[in-house]
Amino acid sequence: MPYVNVQITAGATREQKAALVKDITDSRVRHQGKKPELTHIVIQEIAEEDWGYAGQLIDDWKRGQG
């Protein structure tokens, strides 16, 4: 069974998550010929404080950008 794990920062709406699931499923059908009913997608919301970017924690990076 195909399994796709998507990690996003916390705060997406249910509608946004549903759109991600649909888009990913449609892409696998279109490009890989997979059956949609066999594709499983897990969305993990990661707290922003647990992300890093450019060698820094994201909140430190954001403070330096503003």
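Here Gln32 pairs with Arg28 under the side chain to side chain donor-acceptor pair (under 3.5 Å) rule; sequence neighbours left out. Partners of Glu48 under the salt bridge (Lys or Arg N to Asp or Glu O under 4.0 Å) rule, at least two apart in sequence or in another chain, are Lys62. Qualifying side chain to side chain contact (heavy atoms under 4.5 Å, CB included) partners for Arg14, counting only residues two or more places apart in sequence or in other chains: none. In this structure Lys22 satisfies the salt bridge (Lys or Arg N to Asp or Glu O under 4.0 Å) test together with Asp26, sequence neighbours excluded.
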Under 3.5 Å, sequence neighbours excluded: what are the donor-acceptor pairs made by side chains of residues 51-60?
from: Trp51; atom 1: NE1; to: Ile46; atom 2: O; distance (Å): 3.4
from: Asp60; atom 1: OD1; to: Arg63; atom 2: NH2; distance (Å): 2.2

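Annotation for Val4: hydrophobic cluster partners, listed by chain and number, are Val6, Ile8, Leu20, Val21, Ile24, Ile41, Ile43 (ILVMFWY side-chain heavy atoms under 4.5 Å, direct or chained).
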Between Gln7 and Glu45, does a side-chain contact (heavy atoms from CB on, under 4.5 Å) hold up when you go through it step by step?
CA-CA 6 Å; Gln7 294 183 342; Glu45 288 189 279; over 6 Å; no

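For the atom pair OG1 (Thr25) and NE2 (His40), the distance works out to 10.0 Å, reported to the nearest 0.5 Å.
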